[in-house]
Protein chains: 2
Amino acid sequence: MTRAELFAQIQKKSSFLCVGLDPDLAKIPARLRSEPDPIFSFCKAIIEETADYAVAYKPNIAFFEALGSKGWETLQKVQELIPRDIFTIADAKRGDIGNTSKLYAKAFFEQMDFDSVTVAPYMGEDSVSPFLEFADKWVVLLALTSNAGSLDFQLIKDETGRPLYQSVLEKSQEWGTPENLMYVVGATRGELIGEVRKVVPDNFFLVPGVGAQGGSLADVAKYGMNSHCGLLVNSSRGIIYASQGKDFAVAARSEAAKLQAEMAGLLARYL
Amino acid sequence: MTRAELFAQIQKKSSFLCVGLDPDLAKIPARLRSEPDPIFSFCKAIIEETADYAVAYKPNIAFFEALGSKGWETLQKVQELIPRDIFTIADAKRGDIGNTSKLYAKAFFEQMDFDSVTVAPYMGEDSVSPFLEFADKWVVLLALTSNAGSLDFQLIKDETGRPLYQSVLEKSQEWGTPENLMYVVGATRGELIGEVRKVVPDNFFLVPGVGAQGGSLADVAKYGMNSHCGLLVNSSRGIIYASQGKDFAVAARSEAAKLQAEMAGLLARYL
């Protein structure tokens, strides 16, 4: 998917919502567990009920991988089920030396047909660039994450006072463009999103941490939105586990609709 | 596997060789391609011929993942095939927020039965610690890798002049012990291995980059060996693709034997 196509969808739906698919057998409604592939049935119901409000879906690969080869079959079926005009993110946090990253790219871009993969930057350019060689496919590079451990290394300042996450932003600007490179930027520190936006004015951000992790959607939009919106704000648990009863899919729809309504207001205000 | 068991095996075999399993359909002997699972047949032959000389096997997960759910089935079969007294490393470079890392750990430690997983440190403690909660299982944490891109971030110096890889070493010493935490330390800069060894005297290093990538085994032993050996030196292509003909397994055995002989000399000299 191209940036123009993604932006067109954001405008059409008045939404920049990404729904995170973290399907946990222990949390899905009991009645689904008797189905042949409970995880698939769960994701299918969530996608059908939220597709009007979401511009992106982000399967968390670990939840499928933990189920072994059967989990990978389910992941492939889920990816194929997502409507083709909705952006897809394989949240896999991959990254290895060149020829190995190329194989990870093939796994997600050829063996499956995801639009993007999340990639960790620690190993540098040759671990990231192989993902950027596929037409209309994207890297979503970890910059500033929303977890407690992000403080351990990402904020370490170099000899010029520049934090590591900023080196990642600046260096990676040489590898990709706003047409194929996004960044993970956590929502838990609103004002830092503004700092990131100054360094990379044009790239999309995938923003986790709104809702369950405490970030404010209004702050994210205020500090992070650009002329192409430039934001995909993710919600996982808040939507997919809005109810664990029979009404889980309808409850997910309702939560997605609430977020979309708030996003429509923010798009009208800042875009 | 415990550290004592690993060290006992190193002494028994006079070897600290790790054989990297990077099975590429395009490179394996043509006659295997007609088998029902060519990748499995290839790995099986390599393991059978090198098990006398290797103390560890390191399947590169990308090579299996690129084949989808079938590749995961093959990976599971390969893991089960490796003799239980040989250390196994799932070279997966995983790492994500806590509950997600826990699922990756389950994938490799419970769904399969690997002894260790390679983990990327960028997201900090809560992305690494979930892997350390499994008894007799190990994290192999990226510190100083052997690829060109390692220069991009790993050597950035902080305000006190300390390079990032050293912060990773020091910080992670609070998370694990020499009984469950190893580090990836590339062989391509021999003298740097000595720097790393000063910071973490007791932990094992997984050392890629000997052979194809140009590192010297003698330098690695000179600068890196400790009282428990403390080294697993990996060779992938140099062994598994020593020949692409019918004699590939025998050629692999011969290359593994050569490395083991050199290692026996280095163990006698430095241990």
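To find a chain, count down the sequence lines: A is the first, B the second, and so on, and within it residues start at 1.
Separation of atoms CG (Asn60(A)) and CG (Asp96(B)) is listed at 6.0 Å; rounding is to 0.5 Å. In this structure, Ser69(A) OG and Lys70(B) NZ are separated by 10.0 Å, a value rounded to the nearest 0.5 Å. Within the model, atoms CG of Asn147(A) and CG of Asn99(B) stand 10.5 Å from one another, a figure rounded to the nearest 0.5 Å. How far NZ of Lys93(B) is from CD1 of Ile97(A): 7.0 Å, rounded to the nearest 0.5 Å. Between the CG atom in Leu142(B) and the OH atom in Tyr122(A) there is a gap of 7.0 Å [rounded to 0.5 Å].
Residue Val128(B): no heavy atom, backbone or side chain, is found under 4.5 Å from chain A. Residue contact with chain A, scored on non-hydrogen atoms closer than 4.5 Å, is absent for Leu75(B). When heavy atoms are compared at a cutoff of 4.5 Å, Ser150(A) approaches chain B solely by way of its backbone atoms N, CA, C and O. The parts of Lys157(A) that come within reach of chain B are both its backbone and its side chain, each placing non-hydrogen atoms under 4.5 angstrom from that chain. Only the backbone of Leu67(A) comes within contact range of chain B, with heavy atoms under 4.5 Å apart. At a 4.5 Å heavy-atom cutoff, the contact between Glu73(A) and chain B is made by backbone and side-chain atoms alike. For chain A, the nearby parts of Tyr165(B) are the backbone and the side chain; heavy atoms of each come within less than 4.5 Å. When heavy atoms are compared at a cutoff of 4.5 Å, Ser167(B) approaches chain A by way of both its backbone and its side chain. Both the backbone and the side chain of Asp91(B) come within contact range of chain A, each with at least one heavy atom under 4.5 Å from a heavy atom of that chain. Both the backbone and the side chain of Glu159(B) come within less than 4.5 Å of a heavy atom of chain A.
Looking only at heavy-atom pairs under 4.5 Å with chain B, the residue among Gly71(A), Ser127(A), Ala143(A), Gly161(A) that has the most is Ala143(A). For the set Arg94(B), Lys171(B), Gln76(B), Arg162(B), the entry with the most heavy-atom pairs within less than 4.5 Å of chain A is Arg94(B). Of all the listed residues (Ile156(A), Asp22(A), Asp152(A)), the one sharing the greatest number of non-hydrogen pairs under 4.5 Å with chain B is Asp152(A). Options Phe108(A), Phe63(A), Phe153(A) differ in how many heavy-atom pairs under 4.5 Å they form with chain B, and the most are formed by Phe153(A).
The pair Lys106(A)-Glu65(B) fails the salt-bridge criterion, with no side-chain N (NZ, NE, NH1 or NH2) lying under 4.0 Å from an Asp/Glu carboxylate O.
Closest heavy-atom contact between Leu103(A) and Ala66(B): O-CB, 3.6 Å. Counting all heavy atoms, side chain and backbone alike, Ala92(B) lies closest to Tyr104(A) at O-OH, 3.5 Å.
Between the side chain of Asp158(A) and the backbone N or O of Asp158(B), no donor-acceptor pair lies under 3.5 Å.
The ring-ring contact (aromatic ring centres under 6.0 Å, His included) check on Tyr241(A) picks up Phe42(A), with sequence neighbours excluded.
A 6.0 Å sphere centred on NZ of Lys102(B) holds no more than 12 heavy atoms belonging to other residues, nucleotides or ligands.
Residues of residues 110-121 of chain A that come within less than 4.5 angstrom of chain B, heavy atom to heavy atom, are Gln111(A), Pro121(A) in numerical order.
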